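In this text, all values refer to a predicted model and were calculated from it rather than measured experimentally.
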Amino acid sequence: MQKFCSDCPSKKLRAAIVLLAGLMFFIDMSAVSIVVPLVPRYFNSSDIEVGLMFGTKAAAQIIANPFWGGLTDRLGGMMTLFMGCVCNIGAMLLHAVAVQTGRRYASVVAGRAVLGVASAATGTGGPALMASIYLRDDDRGAMMGIALGGIALGAMAGAPIGGAASVGFDIEEAWRTVFFVLCGLCTGALVFTLVLWMKLPAAFRCRAPEVNRSGAKPTPLWKLLIDPHVLLVVSMACMANMAVSALDPILPKWANGHFSPRPSEWEEGLVFLPLFAAYFFTTPILGRYIHRFPKWLLSAVALLIGAVFIFVIPFMPRSMFWLLVVPMTALGIGMGVIDIVTYPMMASLVDVRHSATYGNIYALSDIAFAFNFLLAPIIATGLAQGLGYDWAFFSLAILLLVWIPLTLLVRRVERKQDERNRLRSRSTTGTPVSMTTMT
């Protein structure tokens, strides 16, 4: 069985595409996290207005994803990444010039909306492009694991850079500086994209390569929405990320009231660092070996790890704040395992059950993630206020436990995937085989 499509780019170009996807993920997450230490000093706004500003990105991401999914299925992931770079530059400029405008808040909200559109392009085009180049699940897992490391790296780098800028500069100068730097990084990504585009084979430039190979019609988004296997895998990925999104607003406040002496502001800011560090190392390392184990079992173990370590958080000794490193590291590993299992599996699902085009499946997963980041903090805060912080943690753990039996259904997907691989191994052309008749 061939590892790559017959019309695929060279090895160096494939590696450069993975690097580009990782860079785009890094820019996206950096832009999200870099404002966290700056917003309290930059705006004299209510909590509702600040929450609306952050929620604008997720809302725009949800709205934009169907468009990017359809575009990727027709024109290919490279076109989507190119347009995502353009949107990113516009978003960073809107943030940077907000200081000079009389409507600072409105300009930043507009920038967050454009950033959401760019995030949707990255979350759809990057994985879809890698899935169209790498045909085997082990290769998809390894390469997507490297690219996904950009998310964790952006999360780890963004907040400390924003915090350092706010200390070293006047707040308005700090705000301008960080976003002009990000704008320069986006411009570099745009140039990188154009260089790769010119070097790509013709099949990858202005049309989805999988459509060129087989003439397959892209699967509409609504068909994926009614496929129970697709919904199962997307929901599994959403559950792992939901735990982190839900902990984001409640864990620092709980730690401030639970531990004695109280953690300082910089200690609270570092509480999520072990999680993202563990995720950063987990995705590229396990991505190479994850195909050797049953995916349903790995998913179940990862969800169990998340549930257990969220459950034990309220029982942390009051004098040992830094013991939080243990559950946060475990959560990062569990989250990385789930992502590295589900991202390649989404591509396999459309290979097996639909036409082998990948834009809409990753658009659907990105919609789920955006809903997750929009709603999970609200729900977690409501649980903490209504039931107390302890029961908020217990509720999150129970939700992850409820999802574990559903991972058994993933075995059906794996069996069909094995049958697909056997059929593809008999092919001498190396082109994808439509498996719709098997469902």
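- Side-chain contact between T357 and R74: absent, with no pair of heavy atoms (C-beta onward) separated by less than 4.5 Å.
- Between the CH2 atom of W68 and the CE atom of M79 there is a distance of 10.0 Å, given to the nearest 0.5 Å.
- T329 pairs by the side-chain contact (heavy atoms from CB on, under 4.5 Å) definition with P274, A278, V325, I333, not counting sequence neighbours.
- The side-chain hydrogen bond (donor to acceptor under 3.5 Å, both in side chains) search around T80 returns T72, not counting sequence neighbours.
- Under a 4.0 Å N-O distance rule, the pair D351/R140 qualifies as a salt bridge.
- Closest heavy-atom contact between S107 and L94: OG-O, 2.9 Å.
- M328 has its side chain out of reach of F276: every pair of non-hydrogen atoms, C-beta onward, lies at least 4.5 Å apart.
- Applying the side chain to side chain donor-acceptor pair (under 3.5 Å) test to every pair with at least one member in residues 272-287, sequence neighbours left out, gives these pairs: Y279-D339.
- Side-chain contact between V337 and V301 is absent, with no heavy-atom pair separated by less than 4.5 Å.
- When the side-chain hydrogen bond (donor to acceptor under 3.5 Å, both in side chains) test is applied to N88, no partner is found at least two apart in sequence or on another chain.
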Expected list for residues 302-312: side-chain donor-acceptor pairs under 3.5 angstrom, two or more places apart:
none

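- V18 pairs by the side-chain contact (heavy atoms from CB on, under 4.5 Å) definition with M130, Y134, M143, I146, A147, not counting sequence neighbours.
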*Give the C-alpha distance, both sets of side-chain angles, the deciding distance and a yes or no for side chain to side chain contact (heavy atoms under 4.5 Å, CB included) between Y343 and Y362.*
CA-CA 8 Å; Y343 263 81; Y362 288 112; 3.8 Å; yes
Side chains of residues 177-189: which donor-acceptor pairs under 3.5 Å do they make with residues two or more places apart or in other chains?
unit_1, atom_1, unit_2, atom_2, d
T177, OG1, E173, O, 2.7
T187, OG1, C183, O, 2.9

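- Remark: S235 engages W403 in a side-chain hydrogen bond (donor to acceptor under 3.5 Å, both in side chains) (not counting sequence neighbours).
- Legend: residues meeting side-chain hydrogen bond (donor to acceptor under 3.5 Å, both in side chains) with S365, ordered by chain and number and at least two apart, are absent.
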*Does the side chain to side chain contact (heavy atoms under 4.5 Å, CB included) test come out yes or no for F373 and K57, once each step is laid out?*
CA-CA 10 Å; F373 284 107; K57 175 187 178 292; over 6 Å; no
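- In this structure, K295 and T342 have side chains that are not in contact, with every pair of non-hydrogen atoms separated by 4.5 Å or more.
- If you run side chain to side chain contact (heavy atoms under 4.5 Å, CB included) between N360 and each of V350, L225, D73, only D73 comes through.
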N/O donor-acceptor pairs under 3.5 Å from side chains in residues 20-31, not counting sequence neighbours:
unit_1, atom_1, unit_2, atom_2, d
D28, OD1, S119, OG, 2.2
S30, OG, F26, O, 2.8

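- Across A91 and G111, no two heavy atoms sit closer than the pair CB-O, 3.6 Å.
- In this structure N65 satisfies the side-chain contact (heavy atoms from CB on, under 4.5 Å) test together with Q61, A120, T124, A363, D366, I367, sequence neighbours excluded.
- The CZ atom of R14 lies 15.0 Å from the CG atom of L19; values are rounded to the nearest 0.5 Å.
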*Given N241 and M335, is the side chain to side chain contact (heavy atoms under 4.5 Å, CB included) satisfied, shown in steps?*
CA-CA 7 Å; N241 289 272; M335 181 180 166; 3.0 Å; yes
*Report the C-alpha separation of L231 and I226 in whole Å, then their side-chain angles, then the decisive distance to 0.1 Å, and conclude whether the side chain to side chain contact (heavy atoms under 4.5 Å, CB included) test is met.*
CA-CA 8 Å; L231 293 179; I226 61 175; over 6 Å; no
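- Annotation: side chain of L247 is in contact with side chain of L331 (closest heavy-atom distance under 4.5 Å).
- Expressed to the nearest 0.5 Å, how far SG of C87 lies from CZ of F82 amounts to 10.0 Å.
- Here the shortest heavy-atom pairing between S33 and G154 reads OG-O, 3.2 Å.
- Atom SG of residue C238 and atom CG of residue L375 lie 9.0 Å apart, to the nearest 0.5 angstrom.
- Between L349 atom CG and L224 atom CG the span is 9.0 Å, to the nearest 0.5 Å.
- Looking at W175, its side chain does come within 3.5 Å of a backbone N or O of H95 through a donor-acceptor pair.
- Annotation for H229 and D227: closest pair N-OD1, 2.9 Å, computed over non-hydrogen atoms.
- For G126 against L81, the heavy-atom pair with the smallest separation is N-CD2, 3.7 Å.
- Residues that satisfy the side-chain contact (heavy atoms from CB on, under 4.5 Å) test with A16, not counting sequence neighbours, are F192, L196.
- Taken to the nearest 0.5 Å, the CG atom of L275 stands 14.0 Å off from the CZ atom of F280.
- The shortest side-chain heavy-atom distance between M239 and I338 does not fall under the 4.5 Å cut-off.
- For the residue pair A347 and A131, the shortest heavy atom distance occurs at CB-CB, 3.8 Å.
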